[in-house]
Amino acid sequence: MREQVEKWLEYMRPAFVRHRGDIQLVDVDEATGIVRVKLEGACKDCAMSTITLKAGVEATLLEEVPGVTEVVAV
């Protein structure tokens with residue numbers, strides 16, 4: 001599962017960079033399906049970061065990577 005999450009994040013990274021931010025994978029708990037990420041740069045303090053995280057990152061990972069149950073920012 002971790003490898004699939006990393007691959008997806010690498011694919012999406014340019015979108016974060018275009019907004020002067022970034023997203024880094026911190027941890028994937030394969031037992032619970034929880035993915036922990038760190039938003040960086042402009043994304044860290046952006047008012048839209050919660051929406052980006054839940055409606056964008058989490059929603060897509062839930063569809064694309066079997067076993068993912070939640071994405072949380074740390």
Side-chain angles (χ1 to χ4, degrees):
M1 180 173 20
R2 182 182 186 92
E3 196 172 296
Q4 290 174 293
V5 171
E6 288 174 338
K7 185 177 178 179
W8 185 86
L9 290 175
E10 283 303 315
Y11 174 76
M12 291 304 300
R13 181 160 280 115
F16 287 89
V17 172
R18 276 194 302 275
H19 292 266
R20 290 175 282 185
D22 202 357
I23 186 169
Q24 298 296 327
L25 181 61
V26 174
D27 184 51
V28 175
D29 185 331
E30 296 200 22
T32 63
I34 296 174
V35 175
R36 289 176 177 79
V37 297
K38 181 178 180 184
L39 297 174
E40 298 178 335
C43 293
K44 181 175 76 174
D45 298 320
C46 176
M48 299 296 289
S49 65
T50 301
I51 294 169
T52 298
L53 184 70
K54 292 298 179 178
V57 176
E58 182 179 86
T60 305
L61 283 176
L62 287 170
E63 289 180 18
E64 299 291 326
V65 181
V68 171
T69 59
E70 184 180 11
V71 176
V72 295
V74 295

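Residues Gly67 and Met1 come closest through the heavy atom pair C-SD, 3.7 Å. Nearest approach of Gly21 to Cys43, heavy atoms of both residues: CA-SG, 3.7 Å.
If you take OG1 on Thr69 and CG on Leu62, they are separated by 7.5 Å, rounding to the nearest 0.5 Å. Atom CD of Glu6 is separated from atom CD of Gln24 by 10.5 Å, given to the nearest 0.5 angstrom. How far CG of Asp27 is from NZ of Lys38: 14.0 Å, rounded to the nearest 0.5 Å. The structure places CD1 of Ile34 at 5.0 Å from CD of Glu70, a figure rounded to the nearest 0.5 Å. Note: Arg20 CZ to Cys46 SG = 10.5 Å, rounded to the nearest 0.5 Å. One finds the CD atom of Glu10 at 10.5 Å from the CD1 atom of Ile23 (value rounded to the nearest 0.5 Å).
A continuous path of Ile, Leu, Val, Met, Phe, Trp and Tyr side chains, each step under 4.5 Å between heavy atoms, connects Tyr11 with Leu53, placing both in one hydrophobic cluster.
The shortest distance between side-chain heavy atoms of Asp29 and Arg36 falls below 4.5 Å.
For residues 50-64, the pairs satisfying side chain to side chain donor-acceptor pair (under 3.5 Å) are Lys54-Glu58, with sequence neighbours left out.
Annotation for Arg2: atom CZ counts as buried by contact number, over 12 foreign heavy atoms lying within 6.0 Å.
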Query - side chain to side chain contact (heavy atoms under 4.5 Å, CB included) assessment of Val37 paired with Val5 - result: CA-CA 10 Å; Val37 297; Val5 171; 5.9 Å; no
**Report entry** Candidate pair Phe16 and Leu39, rule side chain to side chain contact (heavy atoms under 4.5 Å, CB included), full reasoning
**Finding:** CA-CA 9 Å; Phe16 287 89; Leu39 297 174; 4.1 Å; yes
Report task. Quick one: do Trp8 and Val35 satisfy side chain to side chain contact (heavy atoms under 4.5 Å, CB included)? Show the steps, please. Result -> CA-CA 12 Å; Trp8 185 86; Val35 175; over 6 Å; no
